There are 2 protein chains.
Amino acid sequence: MRYQDAITARRLAAMTGDVEAGLPLRERTRRAVRAELLAVAMDLFTRRGYDTTTIDEIVAAAGMSRRSFFRYFTSKEDVVLGHLDSLGEELAEALAQRPAGEDAWTALRRAFDVFLAHHARDPQDALAIRRMLDSNPDLRARNLEKQCRWHEQLLPHVAPRLAAAPAGNGVDARPAAMIGAALACLEAANRAWKACDGEHSLDRILDDVMRAVRPGAF
Amino acid sequence: MRYQDAITARRLAAMTGDVEAGLPLRERTRRAVRAELLAVAMDLFTRRGYDTTTIDEIVAAAGMSRRSFFRYFTSKEDVVLGHLDSLGEELAEALAQRPAGEDAWTALRRAFDVFLAHHARDPQDALAIRRMLDSNPDLRARNLEKQCRWHEQLLPHVAPRLAAAPAGNGVDARPAAMIGAALACLEAANRAWKACDGEHSLDRILDDVMRAVRPGAF
DNA sequence: ATCGCATGTGGCACTCAGTGCAGAACCAGG
DNA sequence: CCTGGTTCTGCACTGAGTGCCACATGCGAT
């Protein structure tokens, strides 16, 4: 009975042929199942709260085994924050494609446009996730840790945009600090956006804070 | 035998009467036991690695029960990062005592001096902790989450140092962004300091990055 | 000195997240 | 129909963290 449900999802995967049309069947089914699981879990999280919802409850609602859950998500937190992994790559790519002469701060701000685009595509989802972050320290922690990975991915594209190091041939921390500061702005903007329930434009808030931190920028 | 060890530690507490002289016995013993536990745990962590060391091993080495461990530390991570809680308060107080006219960025930089003071008092310890942070994502995550608390504590002392908000009577995210950016600088400086094994002065590194992020500051 | 109370400690049983492993079920191609 | 590669399940296990109760301890009051 359980397994049959998964098969149903597999059939379902064969139908959803919009973006993933060219992919092999295996991959399509995998994505469909993952998406289904994600939807079920997020629904439970929003209705009953993140930490009061156990993985057993999720898999029961999704009609699959506990063990299989961990084949699709590496952890409970990954359900909420899994999308951040791919976002890091997108961010890095966007940054790489900014003109070479552009200063680091402006380039970072423009790279964040891909974040804003994702955000604008589904504001309700983003708001739900933000609210969840506020409700649970573990999630908050993991969220920030994921941004550490972004750090590493962005670093090679920031360093060349800075003036040469002042002196001392030690490790130059300025690129890392630049990225950290920019990401902190993004985070602060997000929080403020959530605080006003998404009434103000996130773009504007981000512009404001990034200009406040670095006067005279863009 | 176990309990007697705790008593030994209690006797020990009666002797260590330097800073905690005026405190009641209860509190002194509590601190002594906690310090002992901390020392034992950190020793195991550095020798055998953080995640390969279980709490059972720690309490076995310290001669106390598993259950009591959690009366002194709320979590395994708290052993490594517990000191950050009090540091947040110190930071907030230092910031509060900066002159009222001083601009936010400079005031934050000066407040960080209390961090640097702690740091200078025991650089070897700081280095060990930093290395541990790099080895374990959970620790890294929790570390950043602790700084979120600092955020809240610093906020009321930063907002008054900023020019009035440009327009739009929504939530002003600029103070939060300012703090986030400054803390990101502190974090980046720390990382760089660790990367060169503490050879360069953390003060200098911090000055450099905070000037790089905000040109023309102090 | 001793009695009672607040507090600290230990052991036990429990929940929950996450992992390793063995075997069953599945699908594709021959 | 069968065969080989993959996916799913069930089970047992570790490790962190919590609730509960009984017991030991220190301290103040009588």
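Since this is a predicted model, take the numbers as computed values, not measurements. All values below come from the heavy atoms of this structure, side chains included, with hydrogens, waters and symmetry mates left out.
- Atom CD1 in B:Ile58 sits about 8 Å away from atom P in D:dA16, given to the nearest Å.
- For A:Ile55, the side-chain atoms get nearest to C:dG18 when compared with the rest of C:dG18, C:dG8, D:dA16.
- Taking atom CD of residue B:Glu36 and atom C1' of nucleotide C:dT9, one finds them 17 Å apart after rounding to whole Å.
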Dump every N/O contact between nucleotides 19-21 of chain D and the protein below 3.5 Å, one line per pair.
| from | atom 1 | to | atom 2 | distance (Å) |
| --- | --- | --- | --- | --- |
| D:dG19 | N7 | B:Arg67 | NE | 3.4 |
| D:dG19 | N7 | B:Arg67 | NH2 | 2.9 |
| D:dG19 | O6 | B:Arg67 | NE | 2.5 |
| D:dC20 | N4 | B:Arg67 | NE | 3.4 |

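- Position along DNA chain C of the nearest nucleotide to A:Thr74 versus B:Ser68 favours B:Ser68 as the more 5'-ward residue.
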Step by step, work out the side-chain contact (heavy atoms from CB on, under 4.5 Å) result for A:Leu206 and A:Trp193.
CA-CA 9 Å; A:Leu206 182 57; A:Trp193 178 79; over 6 Å; no

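- Side-chain atoms of A:Tyr50 come within 3.5 Å of backbone N or O of A:Glu77 as a donor-acceptor pair.
- Taking only side-chain nitrogens and oxygens, B:Tyr72 comes nearer than 4.0 Å to OP1 or OP2 of C:dT9.
- Rounding to whole angstrom units, NZ of residue A:Lys76 and C1' of C:dC16 are separated by 8 Å.
- The pair A:Arg142-A:Asp78 fails the salt-bridge criterion, with no side-chain N (NZ, NE, NH1 or NH2) lying under 4.0 Å from an Asp/Glu carboxylate O.
- Per the geometry, CZ belonging to B:Phe45 stands 9 Å off P belonging to D:dA16, to the nearest Å.
- Using a 4.5 Å heavy-atom cutoff, the side chains of B:Val33 and B:Met64 are in contact.
- With A:Trp150 as the partner, the side-chain contact (heavy atoms from CB on, under 4.5 Å) test is satisfied by one option alone out of A:Leu91, A:Leu155, A:Ile179: A:Leu91.
- With C:dG18, D:dG17, D:dG10 as the choices, the nucleotide that has an atom nearest any side-chain atom of A:Arg66 turns out to be C:dG18.
- By the 6.0 Å contact criterion, CD on B:Glu57 is enclosed, its count of non-hydrogen atoms from other residues, nucleotides or ligands being greater than 12.
- A straight line from CG of A:Asp56 to P of C:dG18 spans 12 Å, rounded to a whole angstrom.
- Straight-line distance from the CG atom of A:Asp51 to the P atom of D:dT18: 12 Å, rounded to whole Å.
- Counting to the nearest Å, the P atom of D:dA16 and the CG atom of B:Leu139 are 12 Å from each other.
- Each of A:Glu145, A:Gln153, A:Glu152, A:Gln147 was checked for a side-chain hydrogen bond (donor to acceptor under 3.5 Å, both in side chains) with A:Arg149, and the lone residue meeting it is A:Glu145.
- Rounded to an integer number of Å, the gap from CZ of A:Phe70 to C1' of C:dC21 is 16 Å.
- Comparing D:dT9, C:dA17, D:dG17 by their closest approach to the side chain of A:Met64 singles out D:dT9.
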